[in-house]
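Atoms considered below: every heavy atom in the structure, side chains included; atoms not considered: hydrogens, waters and symmetry mates. Proteins get letters first, then strands, A, B, ... in listed order; numbering begins at 1 in each.
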Protein chains: 2
Amino acid sequence: MSADDEAGADRGRTSATAAVTLSEVAAKAGVSVSAVSKVLRGTTAIRVSPETRQRILTAAEELRYRPNFAARALQAARTQVLGLVVPDLTNALFTELMHGVEDAAAAHGYTVLLGRLDTDRPQTEVIARLLGEGRVDGLVLQATDGVDPAALAQLLDPRAAVVLINSVAPGRASSVTVDDVGGGRTATEHLIGLGHTRIALAGGLPTSYTAQRRRRGHQEAMRAAGLDPRADHETALGYTAEQGRQALRQLMALDPRPTGIVVANVNAAIGLLAEARALGIDVPRELSVATVLDSWTAENTWPPLTAVKMQFYAMGHTAVVSLVHRLGSGAMTDEVILDPAPELVVRESTAPPSS
Amino acid sequence: MSADDEAGADRGRTSATAAVTLSEVAAKAGVSVSAVSKVLRGTTAIRVSPETRQRILTAAEELRYRPNFAARALQAARTQVLGLVVPDLTNALFTELMHGVEDAAAAHGYTVLLGRLDTDRPQTEVIARLLGEGRVDGLVLQATDGVDPAALAQLLDPRAAVVLINSVAPGRASSVTVDDVGGGRTATEHLIGLGHTRIALAGGLPTSYTAQRRRRGHQEAMRAAGLDPRADHETALGYTAEQGRQALRQLMALDPRPTGIVVANVNAAIGLLAEARALGIDVPRELSVATVLDSWTAENTWPPLTAVKMQFYAMGHTAVVSLVHRLGSGAMTDEVILDPAPELVVRESTAPPSS
DNA sequence: CTGAAAGCGCTAACAG
DNA sequence: CTGTTAGCGCTTTCAG
């Protein structure tokens, strides 16, 4: 705090850095505010004499002028801010996703506002606040898994610039999803390629959109190879480690046992692996395990997991591009990230069947 | 897009949800804007008759009125937005940190704007933009590791509401750090408690503030136990997996070998573990490894890592509380998260020395 | 108890 | 080429 600024010149200021306004620059340069405004934003060519222009530029420079965000936003009715709303910041997939969102946003001149879906508050509330109050120009939204997309769509004003990730709401919002079908297929094909024929699926909950599609990919691969996806070779217990353990116990009770398992989610795979060790089942000698990897949590398991890596960075990136496009043209699209394709990373949890 | 809205009624609107203004509510309720404003924000008691009040409330409700963020921000010179700026969104510790930031921000009526420190652009640029343009009221800032805090402090306007995490700039900005000293000490004490005496440290770069302090903790524990922290038992190579491998090779070349290693960072620990396996060194039979865990990346290594968990959630939470406090009172503080203390999680990478 | 009016900082017509 | 003016939507004195 400088000496005696209780006078009033500074009244009403926040404690933050002193705000230089356009008119102060104008005063210093001896011109009008609008002249300064024009020059500083480089509006419609140079309709200002070079000297004045220079005078303005130096004045702004010396005063360290910064345009006020709120004033601009009010005037333009745009904030150049995008909201990223997810149910759970702890989720590891989120990091990669957010990274993609951030990169794309920055590339298009946007910044990212974080939102979290509170379990206790209705999902609409966040959306209404962010979009309705004009805090953001658009929203990248991941609905909580298990929430019916159709129900969510009801809540969504179709005029709102929202792009859903990992779920769809046709005609209501744009969407971007990773190639879950391809992920399930690729993992399964890998086991088939190794010579496995009794291949099980440890799937997610039937209500989960991602789980449904990974399952579909699995079944497609099986049928394409002339194998029959038997119902008793499928569990649909969920994505937690404990549910993975449970899936293993259930599948290992079969006779004959499957020789390979495709796990639809990495946490479940970790649990499944741990349970296998607990039961004395040798992976990959007796049992091959391939997982659809929705995070990099598990790059250091033992044995290291063979996994199909989903493209979450690309999903975040694409979501923002789609959103920016929507903001510009109003176009609504539903996209699936097919390029890059889900990436098979072969590690040590898979091998040819023992005999 | 609806039929013919080129008319002009909607001109200048964004494509987003239609904005209901105060004056529209006022019109509907048959009162003035200021009346509506007062009632809607519950300003200074009820200086409005119950009937008008009710009329206003229902009008606002029916119109689904939402206060415009930009207008409020402009008027109040506050945005109720806090910036979280970090060098690397990919870093796993970041998730936990961000979670703490988000929770505390929400609890205090703030939302969080994400910022990233571009390697190519100067760090000041981000700060100037966020704070200088009034996009955020305050900043939680993690300087890039290796940047001299003193240099950063130079760039920092001391009037700016900034709280540094994982570094300090006394008198320039507030700061919050995790208890790195305690982390280093706890990991070392654990090995001492198991009976180890030849304990090495695989440390981070000497320029890193966290590395310095973890090292200090290590040495304190050694001296307290009457052990001598020998210089050749210390590496200071860095935090990457490859540098961890390198540290192991270097330390295992000693004669006699150390029987325990404290690793200052989890990525290095993972690399170190992998290298041990490659060299045929049995962990924990021949060598105990304890790490200071700055993320949960490695909960599934083999063998599972004994680790001292740092309190990043608390750091993020505290940083925001500190920031909010600073915004209110102008007070600058330097805090270390001592409660909760770094948490020792014993797994399978540590055991008593073999003989 | 209620309304009119000024102004936050900026932009975009519209005049000179 | 440059300046004046009228808002963007909201809050806040200050009159009525």
Side chain to side chain, B:Ile56 and B:Val31, heavy atoms closer than 4.5 Å =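 SC-SC contact between B:Ile56 and B:Val31 confirmed.
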
Rounded to the nearest angstrom, tell me the gap between atom [atom1] in [X] and atom [atom2] in [N].
X: A:Ile56; N: D:dC1; atom1: CD1; atom2: P; result: 13 Å
X: B:Asn68; N: D:dG7; atom1: CG; atom2: C1'; result: 14 Å
X: B:Leu40; N: D:dG9; atom1: CG; atom2: C1'; result: 13 Å
X: A:Leu74; N: C:dA12; atom1: CG; atom2: P; result: 13 Å
X: B:Arg53; N: C:dT2; atom1: CZ; atom2: C1'; result: 14 Å
X: A:Arg66; N: C:dG9; atom1: CZ; atom2: C1'; result: 16 Å
X: A:Lys38; N: D:dT4; atom1: NZ; atom2: C1'; result: 10 Å
X: A:Arg55; N: D:dT2; atom1: CZ; atom2: C1'; result: 11 Å

What I want to check is whether an N or O donor and acceptor connect the side chain of [X] with the base of [N] at under 3.5 Å.
X: B:Ser34; N: C:dA4; value: yes
X: A:Thr21; N: C:dG9; value: no
X: A:Gln75; N: C:dG9; value: no

ask   = Of A:Glu102, A:Met315, A:His317, which meets side chain to side chain contact (heavy atoms under 4.5 Å, CB included) against A:Leu97?
value = A:Met315

query = Within the structure shown, what part of the strands sits under 4.0 Å from A:Phe69 by heavy-atom distance: base, sugar-phosphate, or nothing?
reply =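 No contact.
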
query = With sugar-phosphate meaning primed atoms plus P, OP1 and OP2, does A:Val31 contact a base, only sugar-phosphate, or nothing at under 4.0 Å between heavy atoms?
reply = sugar-phosphate

Nearest to the [X] side chain among [options], which nucleotide is it?
X: B:Ala35; options: D:dC10, C:dG3, C:dT11; answer: C:dG3
X: A:Ala71; options: C:dG9, D:dG9, D:dT2; answer: C:dG9
X: B:Ser37; options: C:dG9, D:dT12, C:dC10; answer: D:dT12
X: A:Leu22; options: D:dG3, C:dC10, D:dC10; answer: C:dC10

Can you find a side chain N or O atom of [X] that sits less than 4.0 Å from OP1 or OP2 on [N]?
X: A:Thr52; N: D:dT2; answer: yes
X: A:Arg41; N: C:dT11; answer: yes
X: B:Arg72; N: D:dG9; answer: no
X: B:Ser49; N: C:dT2; answer: yes
X: A:Ser32; N: D:dT2; answer: no

State, without any angle test, whether [X] and [Y] hold a side-chain donor-acceptor pair at a distance under 3.5 Å.
X: B:Ser34; Y: B:Ser37; value: no
X: B:Thr79; Y: B:Asp137; value: yes
X: A:Ser175; Y: A:Asp334; value: yes

key: Ring geometry between B:His99 and B:Tyr313 (parallel below 30°, tilted from 30 to 60°, perpendicular above 60°)   = perpendicular

